[in-house]
Amino acid sequence: KSTRLDSKENESEHLPIYQHKAKLIQAVKDSTFLVVTGETGSGKTTQLPKYLHQAGLCKDGKIGITQPRRVAAITVAQRVAQEMQCNLGREVGYQVRFDDCTSPSTVVKYMTDGCLLREILADPVLSQYSVVVLDEVHERSLNTVTYKIDLFLVYLLQDILLGLLKKMFSNPAKTPKGRSIPLKVVVMSATLETDKLSAFLGGCPIFAIPGRAFPVTCTFGFAVGPKDIESTGYAKEVVKVALDVHTSEMAGDILVFLTGQSEIERACDLLYEKAESIDYRYDVQDQTVEGLLILPLYGSMPTDQQRQIFQPPPSGIRKCVVATNIAATSLTINGIKYIIDSGFVKQLNHNSRVGMDILEVVPISKSEAQQRAGRAGRTSAGKCFRIYTKEFWEKSMPEYTVPEIQRTSLTAVILTLKCLGVHDVIRFPYLDCPEERFILEALKQLYQYDAIDRRGRVTKLGELMVEFPLHPGLTRAVLKAASLGCEDLLLPVAAMLSVENIFIRPGHPEKQKEADKKHRALAAKSGSMNDFATLLSVFQSCKSSDRPSAWCKDNWIHWRALKSAFSVETQLREILLRLQQKDFPVDTFDGNKSELFRRCLCTGYFTNVARRSVGKVFCTMDGHGSMVHFHPSSSLFDQEDELNWVIFHDVLVTSRVYIRTVCPIRYEWVKDLLPKLHEVDVYELSGVARE
Ligand code: ADP
Ligand code: MG
């Protein structure tokens, strides 16, 4: 075992950052703020915290490193724990939403940006930390973006963290009140144009790690052209190309870029199926490649599986990682020589047609495509196979990625900022000021959910809401239920909606029929035709079953997703219990249980109300008046004619606009809430925001 660890230590000595170790440690010691740049894969994320630890910088406090994505925080922490030869959760740990793997002995802590923001909320001077490292703070100005960050929210969270840290040092003593030791702040970025960042931080020093890269030859394909933007055939094509590479190219691992979990799982299944029929006893240009090791990689993957991605394959076996965009900048996998690029990415966009935020599959930008290709040239020359045509590249792919805003999460971030005492959320020192209309939109939502009052001050309810890591509407419904003593109805639903889809959709027509039948039976079992009630019923049935995993298998439910829902529910319950010790609102209600449940939902979902217009078509009531259809996965599908008013959880746009997770309601229940959607206008709020 020890030899393997030693080899890990040696391995890290080959990283570009290693030669600059001493100077880097000194630079951190010498200044309050430091900007560090270096190409993806140079060792910033894994090595710098380790160096600081070795240099004794954790003696007076922890080293905290933020990552925009949770998978990155988790896998990197695993790696560093290994390199430092300790158990994960001891000296080295991580914390992400709903998953805290730290202990009192943790001194190197990886976490998401959101987690650090929450810590600042609880302890504004971060007295537990000696160094805070903000990682992956990339260049934002649109004409220079070479590294795509898919969510604008990442920028905003980072801006807020930077702004807060900057504010912390704005007093002359340099040591914020309430701290005994000075705090160091390191900002890391893969892009070279860090002058702006440095200027924002008072002209702090920049430490650049020289990089190296090998040439990557790119070829275009024939599969996807400008007309195929809405098709999903690219997943199949990617599989075909992967097998081609496997049977005709020299040794070296493959990295495939697809867009999301279900697609990746399907592609992996297909690869397995086809790869089995290949005769592996052949030689590729004198090198023996016998088999293919197929590994999926996506955000919500279980951590033990994530670990496998980084392990070198057995000799003679070629590794093929099928990943989401996460493998483009946040994670570096060694040994990759071939890239297969689908040309697409899943992105949360604001869809003006329906006036809502929707996860969509869209073409990547050219700069993103270059970044993907570059992953093949880290250790030697590589190849990138694009499955799309040159014409697709020219006509359908934008130069740079325009970051879109995720309004729902923005709402939660703005509430956090307000709770931190930042009243003027528009003139807050952002590195790049977000568009005012997005902030106003968030304020409007907060007002609608009673989290702030007409003058922009946080209400009692708002102070409770900020504690929950959920969509504000869902939080509102949970708090309503808790005030009525029926949180047992809402907590499981909130948990189920916070994890990935729990219903298995096999894709294969025969199997699909079987799954549909089971799912319909589950809905019927809940007693009421209401998709939220189905979620509750699935949660309870599985929880009370003797063999929950078998129960899931039998009912075509993702056991892993359900297991995370159980854990999320427990955590939400703990938060609620803590809040209930203090001054918690109490309400009364008389009516039956089904009505109680649905009325609680209405307090959070009155923004998502639809009314039947003609036939099976419904019309949203949020002012957009979009025409929507029930999604076939809803237990109410095909019974639309019997309903008049419904609320829904989210929207899916394909050729039609579908609403998913639907619940019938009565107009009287939302009558008093609906005017709130129009009552406050943004001009009034813009005054409030600047007051
Ligand atoms: P940077 O932050 O500069 O992009 P990293 O520190 O993430 O660089 O990566 C440095 C090296 O560590 C890479 O070679 C990468 O493959 C390796 N590495 C990172 N995470 C893991 C992991 N979980 N398991 C194995 N190797 C890893
Ligand atoms: Mg990194």
Side-chain angles (χ1 to χ4, degrees), residues 31-36 61-68 73 95-97 109-138 140 149 151-189 196-204 409-434 438-439 442-443 446 452 456-458 462-463 466-467 469 689-690:
S31 45
T32 301
F33 283 100
L34 178 70
V35 172
V36 175
K62 286 184 269 197
I63 299 175
I65 312 96
T66 67
Q67 296 289 313
Q95 187 180 3
V96 298
R97 193 174 79 133
K109 175 170 169 181
Y110 287 88
M111 61 188 132
T112 50
D113 296 315
C115 273
L116 184 65
L117 190 58
R118 274 173 187 277
E119 288 204 21
I120 295 185
L121 195 62
D123 173 14
V125 296
L126 293 172
S127 50
Q128 304 258 316
Y129 289 87
S130 57
V131 187
V132 168
V133 183
L134 299 192
D135 200 359
E136 299 234 17
V137 182
H138 300 311
R140 298 105 194 281
I149 298 213
L151 295 185
F152 170 85
L153 182 73
V154 169
Y155 291 158
L156 190 74
L157 262 175
Q158 289 178 343
D159 272 10
I160 287 172
L161 286 174
L162 279 170
L164 288 170
L165 289 168
K166 186 176 156 173
K167 268 192 159 175
M168 207 187 280
F169 288 96
S170 52
N171 70 4
K174 283 257 175 167
T175 302
K177 283 195 200 86
R179 286 190 62 96
S180 52
I181 43 139
L183 179 70
K184 304 272 180 203
V185 179
V186 180
V187 181
M188 303 209 286
S189 167
K196 183 168 151 198
L197 209 52
S198 154
F200 179 79
L201 299 171
C204 75
S409 310
L410 176 63
T411 309
V413 172
I414 295 289
L415 181 60
T416 309
L417 213 47
K418 286 254 174 200
C419 287
L420 279 167
V422 178
H423 186 70
D424 186 345
V425 288
I426 288 183
R427 278 178 307 193
F428 181 80
Y430 301 98
L431 180 56
D432 285 294
C433 196
F438 291 132
I439 296 180
L443 287 169
L446 290 175
I452 60 173
R457 285 170 312 202
V458 179
E463 280 167 18
V466 78
E467 301 283 337
R690 281 205 198 77

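- Taking CD1 of Ile439 as the start and CD1 of Ile414 as the end, the distance is 5.0 Å to the nearest 0.5 Å.
- With Met188 as the partner, the side-chain contact (heavy atoms from CB on, under 4.5 Å) test is satisfied by one option alone out of Val36, Val35, Leu34: Val36.
- Atoms OG and CD, from Ser189 and Gln158 in turn, are 9.0 Å apart once rounded to the nearest 0.5 Å.
- Shown here for Ile452 and Val458, the closest heavy-atom pair between the two residues is CG2-CA, 4.1 Å.
- Looking at every heavy atom in both residues, Arg97 comes nearest to Cys115 through N-SG, 4.2 Å.
- Annotation: side chain of Gln128 is not in contact with side chain of Glu119 (no heavy-atom distance under 4.5 Å).
- Ile65 pairs in a side-chain contact (heavy atoms from CB on, under 4.5 Å) with only one of the listed residues (Val132, Leu116, Val133), which is Val133.
- Between Ala73 and Tyr110, the closest heavy-atom pair is O-CB, 3.7 Å.
- For Phe200, there are no ring-ring contact (aromatic ring centres under 6.0 Å, His included) partners at least two apart in sequence or on another chain.
- Closest non-hydrogen pair, Thr66 versus Leu134, comes out as OG1-CA, 3.4 Å.
- For the atom pair Leu117 CG and Ile160 CD1, the distance stands at 6.5 Å (nearest 0.5 Å).
- Under the side chain to side chain donor-acceptor pair (under 3.5 Å) criterion, Glu467 pairs with Arg578, sequence neighbours left out.
- With a 4.5 Å cut-off on side-chain heavy atoms, Leu162 and Leu197 count as touching.
- Counting heavy atoms from C-beta on, the side chains of Leu165 and Leu183 come closer than 4.5 Å.
- At least one donor-acceptor pair under 3.5 Å links the side chain of Lys418 to the backbone N or O of Gly456.
- To the nearest 0.5 angstrom, Arg118 atom CZ is 10.5 Å from Leu420 atom CG.
- Counting all heavy atoms, side chain and backbone alike, Ser198 lies closest to Cys204 at OG-O, 2.8 Å.
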Verdict with reasoning, Ile120 to Leu161, per side-chain contact (heavy atoms from CB on, under 4.5 Å): CA-CA 9 Å; Ile120 295 185; Leu161 286 174; 3.8 Å; yes

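- Looking only at side-chain heavy atoms (C-beta outward), Leu121 and Cys419 come within less than 4.5 Å of each other.
- No donor-acceptor distance shorter than 3.5 angstrom exists from the side chain of Lys184 to the backbone of Thr32, with no hydrogens or angles considered.
- Shortest non-hydrogen contact noted between Asp135 and Pro68 is O-CD, 3.9 Å.
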